[in-house]
Protein chains: 2
Amino acid sequence: MTLDTANLLRKHGLSITAQRLAVLRALSRRPHSSADAIAEEVRAEISVISRQAVYNALGTMVEKGLIRRIQPTGSPALYEDRVGDNHHHAICRTCGKTVDVDCAKGAAPCLTAAADAGFQIDAAEVIYWGTCPACLAETPGG
Amino acid sequence: MTLDTANLLRKHGLSITAQRLAVLRALSRRPHSSADAIAEEVRAEISVISRQAVYNALGTMVEKGLIRRIQPTGSPALYEDRVGDNHHHAICRTCGKTVDVDCAKGAAPCLTAAADAGFQIDAAEVIYWGTCPACLAETPGG
DNA sequence: TGCATTGTGTGGACAAATTCAATTAATTAA
DNA sequence: TTAATTAATTGAATTTGTCCACACAATGCA
C-alpha cells in the first residue's frame with residue numbers, strides 16, 4: 001500500500017516525502033476530513049508534521065488532481081481521496097456527517113442551461129443538505 | 001424602491017434600519033458579492049457601516065430567507081437577493097465571475113441516490129465550475 | 001408627540017483557517 | 001556522493017468571520 005501511494009505521487013511528478021505519504025494515508029482512512037483533522041491523523045502515525053506541511057501537501061495534491069477539496073458553508077475545507085468519478089456529497093446539518101452520493105447520470109444536470117450562458121463547464125459540484133439517518137432517529141417526529 | 005426594500009424587511013418582522021436597507025440595495029446592484037464587497041458598496045452610499053452590521057444584516061436576512069448565501073470553494077461567502085427559485089451558479093475559474101443558472105427541473109437531480117443513503121434532504125446546492133465566455137475568448141485554442 | 005422597551009449598530013478584541021516568507025532539511029538527479 | 005532542486009519547519013501575517021459591551025436608533029403604546 002505504501003508503494004501504491006508512493007507511485008501515485010511519482011506518477012504526478014511529485015517527490016515522495018514521509019509527510020505526503022502520511023497525508024494520503026490519513027485521507028484514505030478518514031475521507032471528508034478537514035486539514036486540521038488530517039494533521040491529527042497524520043501525527044498519530046508519524047508523530048510530527050507542521051500545519052504548513054499539511055496545507056502544502058493538500059494544496060499540491062488537489063492541484064495535481066490526486067485528491068479533491070470540498071468546501072461546505074460554515075465549515076473548513078474537507079478533503080477526500082476519491083476522485084475521477086462524478087460523485088457528490090450529502091451533509092447532515094445536525095452532526096456534520098458527510099457521505100458520498102453517487103450520481104446516477106454521467107452528465108451533470110442543468111448543464112444545458114449553463115451552456116446557454118456561454119460558459120464552458122468542466123465540473124459540477126453538488127452538496128445536498130439535510131439530516132442523516134442517525135440524527136433523524138433522535139429527532140422526535142422526525 | 002426604497003419602499004419596496006423597507007416593506008420586504010417589515011414583512012419578515014425585521015426592523016428597518018439605514019444599514020439593512022443599504023445592504024439590500026447593494027446586493028441588488030451587485031449580486032454575488034462577498035460581505036466585504038457589500039460593505040464597500042454600502043459605504044459608497046451611506047458613508048459608514050461597521051463590518052459587524054454587514055455580517056449582522058446578511059446573517060439575519062439569510063435566516064429570514066430574504067437573501068441567499070453561497071459558498072464557493074476557496075472564496076469567501078457570496079450573497080444574492082434572488083431567492084425562492086431553484087437556481088444555481090456557474091463560476092469562472094479564471095476571473096471568478098459568477099452567473100445565475102436556471103434549473104430546468106424543479107426537483108434536484110440525484111436526489112434518489114441521496115435518499116438511498118437514508119438522508120432526508122432539504123436543499124441542494126449546485127455550483128458549476130468552468131470558464132466564462134470572456135475568458136474563453138482570451139484563451140488561444142480555448 | 002413623547003417615553004419606555006426592544007432591538008440594532010459601533011468599535012475593538014478575539015478566533016479560526018489559511019497563506020506568506022525565510023531558513024533548514026530532505027529528495028532527486030547526475 | 002554531491003550538487004541542485006524541492007519540500008518542511010517555524011513563526012508571523014492575512015483573511016474571514018464572531019463575540020462582547022456599550023451607545024444609539026426603531027418600534028409600540030399612551
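Per chain, numbering begins at 1; letters A, B, ... match sequence-line order. None of these values were measured; they are calculated from a predicted model.
- For A:His88 and A:Asp100, the side-chain atoms include no donor-acceptor pair closer than 3.5 Å.
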Q: Evaluate the salt bridge (Lys or Arg N to Asp or Glu O under 4.0 Å) criterion for residues B:Arg51 and B:Asp36: first the C-alpha distance (whole Å), next the side-chain angles of each, then the deciding distance (0.1 Å), finally the verdict.
A: CA-CA 8 Å; B:Arg51 191 180 7 166; B:Asp36 199 54; over 6 Å; no
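- To the nearest angstrom, P of D:dT18 lies 7 Å from CZ of B:Arg69.
- As judged by a 4.0 angstrom heavy-atom cut-off over every strand, A:Arg20 is placed among residues touching the sugar-phosphate backbone only.
- Atom CD1 in A:Ile49 sits about 6 Å away from atom P in D:dT9, given to the nearest Å.
- Taking the side chain of B:Ser15 as heavy atoms from C-beta on, and the options D:dA26, C:dT10, D:dT16, the nearest nucleotide is D:dA26.
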Q | A:Arg30/A:Glu40 under salt bridge (Lys or Arg N to Asp or Glu O under 4.0 Å): CA gap, chis, key distance, verdict | A | CA-CA 11 Å; A:Arg30 289 172 48 181; A:Glu40 279 185 36; 5.9 Å; no
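- Here B:Ser50 lies in heavy-atom contact (under 4.0 Å) with a base.
- Taking atom CZ of B:Arg43 as the reference point, atom P of C:dG11 lies 10 Å away to the nearest angstrom.
- B:His89 and A:Glu125 share no donor-acceptor pair across their side chains, judged by distance under 3.5 Å alone.
- Between B:Ser34 and A:Gln19, the one whose closest nucleotide on DNA chain D sits nearer the 5' end is A:Gln19.
- In this structure, of D:dT10, C:dT27, D:dA8, it is D:dT10 that holds the atom nearest to the side chain of A:Gln52.
- The CD-P distance, from A:Glu63 to D:dA7, rounds to 11 Å in whole Å.
- When the C1' atom of C:dT8 is taken as reference, atom CG of B:Leu9 falls 12 Å away, rounded to whole Å.
- In this structure, the CD1 atom of B:Ile38 is 17 Å from the C1' atom of C:dG9, given to the nearest Å.
- Residue whose closest nucleotide on DNA chain D sits further toward the 5' end, between A:Thr17 and B:Ser75: A:Thr17.
- Counting any heavy atom pair closer than 4.0 Å across all strands shown, B:Ala57 reaches no nucleic acid atom.
- To the nearest 0.5 angstrom, A:Leu14 atom CG is 6.5 Å from A:Leu66 atom CG.
- If you measure from atom CD of A:Gln71 to atom P of D:dT16, you get 11 Å, rounded to the nearest angstrom.
- Contact annotation: A:Tyr55 reaches the phosphate of C:dT18 (side-chain N/O to OP1 or OP2, under 4.0 Å).
- Of the residues near DNA chain C, A:Ala35 and B:Arg51, the one whose nearest nucleotide (by heavy atom distance) lies more toward the 5' end is B:Arg51.
- Taking atom CG of A:Asn56 as the reference point, atom C1' of C:dT19 lies 10 Å away to the nearest angstrom.
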